[in-house]
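Notes for the one structure printed next.
Since we're looking at a predicted model, the values are computed, not measured.
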Amino acid sequence: MGVGIEVQNLNAWYGSNHTLQDICLNISANQATALIGPSGCGKSTFVRCINRMHETNPIARVTGTVRIGDVDIYKDAKPVEIRRRVGMVFQRPNPFPTMSIYDNVAAGLKLNGYSNRRALDEIVEKSLRNSALWDEVKDDLRKKSGASLSGGQQQRLCIARALAVDPEVLLMDEPASALDPVSTSKIEDLIFQLKAQYTIVIVTHNMQQAARVAEQTGFFLNGRMVEFDTTHKIFTNPSDKRTEDYITGRFG
Amino acid sequence: MRSDLFPIRSRARKLTDYAVTSLAVLATLLVVAPLVGIFGYLVYKGASSLSLDFFLKGPKPVGESGGGMANAIAGSALVLGVASLIGIPLGIGGGIFLAEFGRGTKLATAVRFTADVLNGVPSIVMGLSIYALIVLPQKHFSAFAGGVALGIMMIPTVCRTSEEMLLMVPNAIREAALGIGVPNWRSVLSITLKTASPGIITGCMLAFARVAGETAPLLFTALGNSFWSTNLNEPIAALPLQIYVYALSPYDDWHRLAWAGALVLIILIVLAVSLVRFVTSRGVLKGAS
């Protein structure tokens with residue numbers, strides 16, 4: 001099951017660049033939350049703070065509190081543990097090129113020392129079914145490399161890889177921006193199904209996509225969160241002028 | 001395309017195309033020619049002296065005809081084995097440090113600089129250094145000392161190519177591994193290193209092939225040996241040393257053996273490199289990039 005995320009006074013820097021300023025928001029469990037805003041507004045940095053990927057950059061710094069369920073991720077846990085609870089799907093599909101489809105999905109478990117073969121087989125099948133890729137790849141699980149799939153298939157493979165470690169939250173950083181419309185709609189359908197089991201945070205440049213998949217939407221601008229509300233409210237009756245300007249295409 | 005900007009003068013274009021292609025082909029031929037020439041000359045001079053005895057027997061005393069280089073082939077294999085055991089792990093380890101853990105640190109800059117300097121150290125100096133550091137304290141020449149000299153010569157090549165190859169692995173792959181909760185050290189060993197492995201293996205092969213033909217570092221370390229030996233603590237024969245001694249001798253018989261030895265040395269290097277390529281390419285999956 002998914003869990004809620006509570007963010008308080010989150011600030012993030014790249015070197016001297018203050019990329020996130022005093023972000024506060026509550027993300028509800030088992031819903032999809034979309035983050036929109038122009039390029040460079042801090043959406044990606046924000047999701048990277050939720051699974052502590054931000055700090056893998058040597059010049060990056062974070063302050064503030066992020067609670068996932070009842071865990072304060074910057075106080076009570078190690079980054080590695082957090083990243084197993086908070087899966088991430090990146091903008092460009094990034095399967096491990098040297099691994100088979102099977103090993104790509106199993107990587108998170110295998111590389112953490114999990115070796116029960118029968119259980120692995122089950123988890124791989126379940127994850128690939130959940131990412132709607134199973135029927136397309138079930139015959140070449142071990143024969144084909146993850147890199148031999150099409151772009152859309154690779155992205156679903158990456159989703160399966162993230163699901164295999166059984167996270168509670170799934171972060172998606174523009175998961176469909178490098179994909180064609182058919183693959184994009186498959187990913188969106190997938191987000192609908194995955195909501196039942198995971199809390200989903202999706203960064204997107206595509207406002208129709210945000211409107212289609214998300215219950216809640218946050219609008220970021222210049223490192224600040226301008227507005228956070230139900231998707232319906234944001235797209236029909238935003239309370240901030242800047243949000244309205246952005247969604248009507250007046251800038252950004 | 002606007003035709004006034006790009007006038008269609010197909011004759012001139014075809015001529016240019018033809019000229020550039022010819023230059024490229026010519027350059028390729030010039031690059032390959034010395035290799036083919038050397039190999040052809042070695043076959044011409046050395047093939048006639050090759051026989052089963054060459055691979056099975058040791059050298060005969062001066063004046064007796066026949067004999068072979070079995071001891072030198074075994075010696076080279078042993079010395080190169082020791083060298084690889086030293087040079088490859090240390091080189092790859094250094095490369096991993098430079099590319100993955102030490103990026104941007106002063107230590108990394110120092111290590112990189114040292115490796116480049118080490119790469120430029122003349123091989124005779126390497127031989128003398130090992131002579132002073134290992135042979136003199138031990139008071140005897142040894143196969144081990146020869147292996148150390150060649151191993152140290154392998155380090156900078158292996159180290160720098162490993163670094164380059166690891167840096168070519170896209171950051172997205174590292175992030176993918178970290179993103180599913182794989183610890184950094186594990187990700188480096190199981191993901192990044194594996195992704196870069198074809199290039200790293202090429203680097204190791206280059207280093208191996210380079211030191212396989214080295215004579216100077218062995219002169220004061222392995223020394224050479226006219227008899228069969230596989231003892232790491234004793235002087236040992238090696239193909240380049242044997243070729244060196246035979247080629248400088250006044251005897252026609254030995255000259256022919258030297259040519260044959262040079263031919264065998266090249267063939268063995270090609271075989272070793274091909275074997276490693278074959279073995280390491282079998283694990284690669286279809287469609288992997």
Side-chain angles (χ1 to χ4, degrees), chain A residues 47-48 51-53 55-59 77-113 140 142-149 154 157-158 160-167 170-171 173, chain B residues 92 96-109 162-163 165-204 276-277 279-289:
Chain A
V47 291
R48 291 169 66 89
N51 70 343
R52 298 191 63 173
M53 282 295 278
E55 68 201 65
T56 59
N57 188 321
I59 61 165
K78 289 187 196 147
V80 172
E81 294 161 3
I82 292 305
R83 292 179 201 136
R84 278 174 217 159
R85 293 184 58 186
V86 183
M88 185 158 192
V89 178
F90 299 83
Q91 183 172 2
R92 295 196 161 273
N94 54 0
F96 300 126
T98 55
M99 290 189 190
S100 67
I101 294 167
Y102 182 97
D103 285 337
N104 259 286
V105 181
L109 294 165
K110 274 189 171 178
L111 294 178
N112 279 311
D140 330 277
R142 291 165 202 276
K143 275 183 283 177
K144 274 193 174 172
S145 146
S148 68
L149 299 174
Q154 286 187 18
L157 178 64
C158 293
R161 181 176 64 190
L163 298 183
V165 287
D166 197 25
L170 196 57
L171 307 173
D173 189 357
Chain B
I92 293 180
I96 291 175
F97 171 74
L98 290 180
E100 302 290 335
F101 296 107
R103 248 193 251 185
T105 61
K106 284 195 179 123
L107 181 59
T109 313
S162 300
E163 183 198 2
M165 292 304 139
L166 286 168
L167 287 179
M168 277 171 65
V169 175
N171 232 355
I173 302 286
R174 292 184 184 87
E175 294 206 323
L178 294 179
I180 47 175
V182 177
N184 195 28
W185 64 270
R186 189 77 218 235
S187 153
V188 167
L189 289 185
S190 305
I191 310 269
T192 327
L193 197 60
K194 202 172 163 194
T195 310
S197 62
I200 292 177
I201 289 164
T202 304
C204 294
V276 172
R277 280 239 173 279
V279 171
T280 52
S281 68
R282 281 200 319 178
V284 177
L285 291 145
K286 271 184 284 177
S289 53

For chain B, which candidate among A:Met88, A:Arg92, A:Met53 shows the most heavy-atom pairs at distances under 4.5 Å?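 Between A:Met88, A:Arg92, A:Met53, the count favours A:Met53.
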For chain B, which of A:Leu111, A:Val80, A:Thr56 has the most heavy-atom pairs under 4.5 Å?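 If we count pairs closer than 4.5 Å to chain B, A:Leu111 comes out on top.
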Looking only at heavy atoms, which two atoms of [X] and [Y] are closest? And how far apart?
{"X": "A:Pro97", "Y": "B:Thr195", "value": "CG-CG2, 3.6 Å"}
{"X": "A:Asn94", "Y": "B:Ala172", "value": "ND2-O, 3.0 Å"}
{"X": "B:Pro183", "Y": "A:Asn112", "value": "CD-OD1, 3.5 Å"}
{"X": "A:Met99", "Y": "B:Ile191", "value": "CE-CD1, 3.5 Å"}
{"X": "A:Phe90", "Y": "B:Ala176", "value": "CE1-CA, 4.0 Å"}
{"X": "A:Pro95", "Y": "B:Ile173", "value": "O-CD1, 3.5 Å"}

Rounded to the nearest 0.5 Å, how far does CD1 of B:Ile180 lie from CZ of A:Arg84?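 Rounded to the nearest 0.5 Å, the CZ-CD1 separation comes out at 10.0 Å.
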Please classify the contact between A:Val89 and chain B as side chain, backbone, both or neither, with a heavy-atom cut-off of under 4.5 Å. neither
